[in-house]
Amino acid sequence: MSTLVFLEAADDIGLQTLTFARRHDPGAEVVAFGEAPQVAAKVHVAGLEPYAPQAWARAIAGLRPTTVIAAGTDRGNEVLAHAAVMLGGVFAANVIAADGDQVTRQRWGGSLLEEARLHGEVKLMTVAPHTVAIEEAPGEPEVQPFEPAVEEADLVARVVERVDTSTGGLSLAEAPVVVSGGRGVGSAEGFAPLEELAGLLGGVVGCSRAVTSAGWRPHTDQVGQTGTKISPELYIPCGISGATQHMAGCKGAKKLLAINSDPEAPIMASADYAVIGDVTAIVPAITAELRRVKGAG
Ligand SMILES: Cc1cc2nc3c(=O)[nH]c(=O)nc-3n(C[C@H](O)[C@H](O)[C@H](O)COP(=O)(O)OP(=O)(O)OC[C@H]3O[C@@H](n4cnc5c(N)ncnc54)[C@H](O)[C@@H]3O)c2cc1C
């Protein structure tokens, strides 16, 4: 086999990855775990669940690919790092374009692009999310179940429990609206009005690293270089200064409405709209106005 795509799900990021892989190799095959995604390709499906990064990498390595492509997500990067070691391959993360051995990839949270050459028999790449326009390829998948040879030690790190984050099934990476809070929100309790606003707008709540470091929100809510990369239609950072590491995660947003008491805050340079004022007053005021307009409609 030449090119193998590790597909976590047939969602937007998965389909972007598949489009990238097909451009690289039209005969690219897919490997998936649990359910077979309904995509037009040969799909190898291993009934190996729940998530266990080393075991999934072992399954991928067992298919003897010469190129492996995955999404540049936490799981994509983790599984391919293991697979690269097992296959003795070279691995480039957050690639946006590839031509033979030559790749262009994002570094420093996307603030610079690097041209690199992959030297090695086996090449592994993850694709930076939201950098490829999806091209649908119609057709029925040819599904091929397989039993990977997994060792006991491969299962030491695995998912043992899932905790519902009560976002109504919307993920931070895919939500059309994200209302994020920063240090300016003041406390964990200060996020309740942001939750309410996000709920009204059909979105989810995110946050800055200052907030996760303070223990006000879980790391899964963090937007940024070391958090989730988002590309919503509307991003509303509340009490967030706009440090480069935060902006690295939200520069894909189509519109940005900043709420901040400091008109000189760096976030203003990226804002399409801004409200200068105290977040504890502005957010409830927006929510009240939205309720009034919705009620009137
Ligand atoms: C290697 C590395 C990786 C990092 N990765 C990330 C990352 O992924 N994501 C991330 O977010 N950060 C990341 N950081 C941290 C980043 O550098 C900043 O420290 C962090 O983003 C600051 O968070 P903040 O904007 O909430 O807080 P601050 O910078 O303290 O800003 C608070 C803002 O709130 C405003 N404010 C205060 N009170 C109010 C009020 N009542 N109403 C309205 N506005 C108010 C202030 O004017 C200020 O602009 C990283 C740093 C490093 C070194």
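Counting starts at 1 for both ligands and their atoms, in listed order.
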Contact summary for K229 and H130, nearest pair of heavy atoms
O-NE2, 4.3 Å
Which protein residues have a heavy atom under 4.0 Å from ligand 1?
G182, R183, G184, S208, R209, A210, Q222, V223, G224, Q225, T226, G227, G239, I240, S241, A243, Q245, H246, N260, S261, D262, A265, G277, D278, V279
Ring of Y51, cation from R158 - is the NZ or CZ under 6.0 Å from the centre and inside 45° of the axis?
no
Evaluate the side-chain proximity of L48 to P148: yes if any heavy-atom separation is below 4.5 Å, no if none is.
yes
Go through the steps to decide whether E196 and T287 satisfy the test side chain to side chain donor-acceptor pair (under 3.5 Å), and finish with yes or no.
CA-CA 7 Å; E196 195 182 353; T287 303; 5.2 Å; no
Which residues pass the salt bridge (Lys or Arg N to Asp or Glu O under 4.0 Å) test with K123, sequence neighbours left out?
D101
Derivation of the side chain to side chain donor-acceptor pair (under 3.5 Å) call for Q54 and D154:
CA-CA 5 Å; Q54 198 169 311; D154 292 333; 3.0 Å; yes
